[in-house]
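Single-structure report; data block below.
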Protein chains: 2
Amino acid sequence: MMSKVEAKTNPAPEEVVEIISRGLASEAILTLFARCRVHYDGRAKSELGPGDRVIIIKPDGSFLIHQKNKREPVNWQPPGSMVSFSLEDGVVRLRSVRRKPKEILEVELIETYLASYFLAEDYEELALTGSEAEMAELIFENPRLIEDGFKPLFREKPIRHGIVDILGRDRDGNLVVLELKRRRADLHAVSQLKRYVDTLSEEHGNVRGILVAPSLTSGARKLLEAEGLEFKKVKPPKREEKKRGRQKTLFD
Amino acid sequence: MMSKVEAKTNPAPEEVVEIISRGLASEAILTLFARCRVHYDGRAKSELGPGDRVIIIKPDGSFLIHQKNKREPVNWQPPGSMVSFSLEDGVVRLRSVRRKPKEILEVELIETYLASYFLAEDYEELALTGSEAEMAELIFENPRLIEDGFKPLFREKPIRHGIVDILGRDRDGNLVVLELKRRRADLHAVSQLKRYVDTLSEEHGNVRGILVAPSLTSGARKLLEAEGLEFKKVKPPKREEKKRGRQKTLFD
DNA sequence: TATTTTATATCGTGC
DNA sequence: GCACGATGTAAAATA
C-alpha cells in the first residue's frame, strides 16, 4: 500500500521520474521544487528562463508553476489538461496538453530539489458568504432596501442584449433594472446597466436603472449622473448561516 | 548555513513550527501538506471544514491553500499580507492578515504530513507574446490592417468616461475609436466601445467605433450591428523577438 | 459547446 | 492611494 505522502530531497532524475510516475498513477497531488525552464504556446506564447520554482500537478490535470512572489502562477494549465513526462540524457521533461483551445506547456527540470506526492483526501467544499447572489436574496427578502414600493419580479432575466440581475417595478409601475455589485462599482458596471436600460427602453417606456453597490468610483458616479441612472448603497450581507457547499458523503 | 531545501514528512507539531519559523526568517517558500480547517473573513467570509490541502506561503506574503482540484486556490491571501503562527495544545495555527482591505485568513493544522521550505533563487521574468499591447503596436506599424487611409493618432487616450485603446481618423477625417481585444470579443467589449463612441460623439460629429478582435460572440455581433458599430478581424501577433521581462543582473 | 457574468478576482499603469 | 482596464483570466450558470 502506498503511503499518503512521499518526499525525496535532491533526488536523482530517475528518482524524480519514479515519484512522478507513482503520483500520477495514484491521483495524488505532485509537488516539485526545481530549477527549470518553461515554454508555453497556446492562446498566447511565453518563455521563462532558468530559475527556482514550485511545480504542482493536481489529479484533475491542473498544472501550476509558482515563482517566489505573487498570488498567480507564472505559468499554468487548467483542469482537464493531460500531463506526460520523459527522461532523456538525465533531463526530466514535463509536458501538459490542453485540447481546446490547443495549448502546450513544457517544463525542463534542470535540477530538482524536492520531488513529492500527496494522496490528499478532501470531501469538504468552501462555504462562502458575502456574494452578489446573497445581495440579490437580501433584496428579494427586503425590497425596501431599494426604495418604498419596489417590487422585484425577475432574477437573472435574459433580455435581448444580456442578462439583467434583477428586474422589477417601482410604486408607479415603471420598469426598474437593478445591477448589483458586491464591491465598489466602476465604469464597466455603469455601462452594463446602461446597456440593459437602453435595451428595455426600446419596448417599454420610462425604464429606470439603479446601480446597487457598497460604493462608486468617482468616474462611475459622473457617468451614472450623465446617463440619468441611479445609485443605491447596499453592502453584500455576511450571513450567519453560510450557504454550505454541497457536502459529499461516503454514500454519494 | 541553511540548505536550499528542507523537508520533513509526518513532522511533530514542534517540528512543523521549527520549519515554518526557519522558512519565514529566511525568505523561503514554505510548503505544507496538511489536514486542516480554514477560516476567512474580509471582503467576503468563508469556512472550510477538515480536509487535506497543500499550503504555500511565499516570501512576499502570498498565501495559497490548494485543494486537489482546480487551478484556483480555495482560500488565499494576496502579496503584502503578514503571516504569523502559534503552537498551543499541540495544534499549529497559521494566521495571515492583510491591512487594506482588512482581511484575515486562519488555518488550523489538524495533522501535518509534510513541512518544507525552499530557498528559491529566481532572476527571470516571463517573456510573453500575443498580448493586446502587441496588437496595438501592430496596428500602429500597419494601419492598413484596419482599413486604407486609417491614421492612428493616440494610444491609451483618456477621454471623459474612460480610456480609449486607439484613437485615429479615417480617410475622410472622421474620428475613429478602436477597441482591441486579444480574444473573442463579447457584449462587454461592445458596451465599452459604445461608451467611448457616445462620449466622443458629444463633441465631435460622426464618430466611428471599430471593435478589433479575432472574432465576436453571436450576441456581440447583434449588439454591434444594432448600435451601428463596426468589426475588424485582427489576431494578436506572436512575435519572434518576445518582449522580454526586465532581466535582473548582479549589477542592478 | 457557446455565451454571459461573477470574482475575496489579481495585476499593471497612470495620476 | 484610487481609478481604469487587461488577463493565456478561471469558474459557474445557463441555454
Side-chain angles (χ1 to χ4, degrees), chain A residues 40-46 62 69-80 98 100-105 126 128-133 135-136 156 158-159 161-165 179-189 191-192 195 215-223 236 238, chain B residues 40-46 62 69-81 98 100-105 126 128-133 135-136 156 158-159 161-165 179-189 191-192 195-196 215-223 236 238:
Chain A
Y40 154 75
D41 196 357
R43 287 168 292 176
K45 189 177 198 295
S46 72
S62 304
N69 288 328
K70 305 291 175 194
R71 201 211 79 141
E72 291 300 302
V74 63
N75 279 114
W76 71 91
Q77 206 68 293
R98 181 189 195 182
K100 197 165 194 287
K102 185 67 177 290
E103 299 197 285
I104 298 174
L105 182 67
L126 192 71
L128 184 135
T129 183
S131 64
E132 188 195 285
M135 277 181 79
E156 303 274 316
I159 60 172
H161 304 297
I163 304 163
V164 165
D165 274 342
E179 172 57 34
L180 312 185
K181 289 296 166 200
R182 66 168 307 290
R183 57 173 183 165
R184 178 177 272 249
D186 58 13
L187 285 176
H188 284 336
S191 287
Q192 195 178 353
R195 164 154 49 94
S215 63
L216 286 179
T217 66
S218 52
R221 167 153 271 126
K222 276 197 302 181
L223 180 58
K238 291 182 187 174
Chain B
Y40 154 74
D41 196 356
R43 288 168 293 177
K45 190 176 197 295
S46 73
S62 306
N69 287 329
K70 305 291 177 193
R71 202 209 78 144
E72 291 300 302
V74 62
N75 280 113
W76 71 89
Q77 206 66 291
S81 308
R98 182 190 193 182
K100 196 165 195 291
K102 185 67 177 288
E103 299 198 284
I104 296 173
L105 181 67
L126 192 71
L128 185 135
T129 184
S131 64
E132 186 193 284
M135 278 181 79
E156 302 277 316
I159 61 173
H161 302 297
I163 303 164
V164 164
D165 273 342
E179 174 56 35
L180 312 186
K181 289 296 165 200
R182 67 167 307 288
R183 57 174 184 166
R184 178 177 272 250
D186 57 12
L187 284 176
H188 183 114
S191 287
Q192 199 179 345
R195 164 155 49 93
Y196 303 146
S215 64
L216 286 178
T217 66
S218 52
R221 167 153 270 128
K222 277 196 302 182
L223 180 57
K238 291 181 186 175

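Letters go in sequence order (proteins before strands), and every chain restarts at 1. Remember, predicted model here, so these are calculated numbers, not experimental data.
- Protein atom CD of A:E156 is 19 Å distant from nucleotide atom P of C:dT3, rounded to whole Å.
- Here the side chain of A:L128 is nearest to one of C:dT8, D:dT7, D:dC4, namely C:dT8.
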Subject >> side-chain contact (heavy atoms from CB on, under 4.5 Å) evaluation trace for B:R195 with A:R195 >> reply: CA-CA 10 Å; B:R195 164 155 49 93; A:R195 164 154 49 94; over 6 Å; no

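- Distances from the side chain of B:S131 to the nucleotides D:dT7, C:dT10, D:dG5 place D:dT7 closest.
- The CZ-P distance, from A:R184 to D:dG5, rounds to 15 Å in whole Å.
- Distances from the side chain of B:E132 to the nucleotides C:dT4, D:dA6, D:dA11 place D:dA6 closest.
- When the P atom is used for both C:dC11 and D:dA11, the distance is 16 Å, rounded to whole Å.
- Summarising the geometry, the separation between CZ on A:R183 and C1' on D:dA3 is reported as 12 Å, rounded to the nearest angstrom.
- Not one side-chain nitrogen or oxygen of B:R195 sits closer than 4.0 Å to the OP1 or OP2 atom of D:dC4.
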**OP:** Apply the test side-chain contact (heavy atoms from CB on, under 4.5 Å) to residues B:D41 and A:K238: give CA-CA distance (whole Å), side-chain angles for both, the deciding distance (0.1 Å), then the verdict.
**Re:** CA-CA 9 Å; B:D41 196 356; A:K238 291 182 187 174; 2.8 Å; yes

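- Put simply, CH2 on A:W76 is 7 Å from C1' on D:dT7, counting in whole angstrom units.
- Closest contact between the side chain of B:S218 and the listed nucleotides C:dT3, C:dA9, D:dG5 involves C:dT3.
- Among the protein residues, A:D186 comes within range of no part of the nucleic acid, since none of its heavy atoms lies under 4.0 Å from any strand.
- Using a 4.0 Å heavy-atom criterion, one finds that A:P79 contacts the sugar-phosphate atoms exclusively.
- The phosphate of D:dG5 (OP1 or OP2) has a side-chain N or O of B:Y196 nearer than 4.0 angstrom.
- Note on A:Q192: every side-chain N or O is 4.0 Å or more away from OP1 and OP2 of C:dT4.
- In this structure, the separation between NZ on A:K102 and NZ on A:K100 is 13.0 Å, given to the nearest 0.5 Å.
- Atom C1' of nucleotide C:dA7 and atom CE of A:M135 are separated by 14 Å, given to the nearest angstrom.
- Not a single donor-acceptor contact under 3.5 angstrom links the side-chain atoms of B:D165 to the base of D:dG5.
- Both A:H161 and A:G130 sit near DNA chain C, but only A:H161 has its closest nucleotide nearer the 5' end.
- If you take atom P in D:dC4 and the same atom in D:dG8, they sit 23 Å apart, rounded to whole Å.
- Remark: the separation of the P atoms in D:dG5 and C:dT8 is 23 Å, to the nearest Å.
- Note on B:G42: nothing from the nucleic acid sits closer than 4.0 angstrom, heavy atoms only.
- When distances are taken from the side chain of B:R43 to each of C:dT5, D:dG5, C:dT8, the shortest belongs to C:dT8.
- Side-chain atoms of A:R182 come within 3.5 Å of backbone N or O of B:R43 as a donor-acceptor pair.
- Distance CD1 (A:I159) to C1' (D:dT14): 16 Å, rounded to an integer number of Å.
- Both A:K181 and A:R71 lie near DNA chain C, and the one whose nearest nucleotide falls closer to the 5' end is A:K181.
- When the side-chain nitrogen and oxygen atoms of B:T217 are compared with OP1 and OP2 of C:dT4, one or more of them lie within a distance under 4.0 Å.
- Taking atom CD of B:E72 as the reference point, atom P of D:dT9 lies 13 Å away to the nearest angstrom.
- Residues B:S191 and A:H161 fail the side-chain proximity criterion, which asks for heavy atoms closer than 4.5 Å.
- Looking at B:R184 and B:S215, their side chains do bring a donor and an acceptor atom within 3.5 Å of each other.
- Listed for the B:Q192 side chain is no donor-acceptor partner under 3.5 Å among the backbone atoms of B:G162.
- Along DNA chain D, the nucleotide nearest B:E179 and the nucleotide nearest B:K70 are compared for position; the residue whose nucleotide lies closer to the 5' end is B:E179.
- Closest contact between the side chain of A:K100 and the listed nucleotides C:dA2, C:dT8, D:dG8 involves C:dA2.
- Looking at the side chain of B:R182, the nearest of the listed nucleotides D:dG8, D:dA6, D:dA11 is D:dG8.
- For the pair A:H188 NE2 and C:dT4 P, the computed distance is 16 Å after rounding to whole Å.
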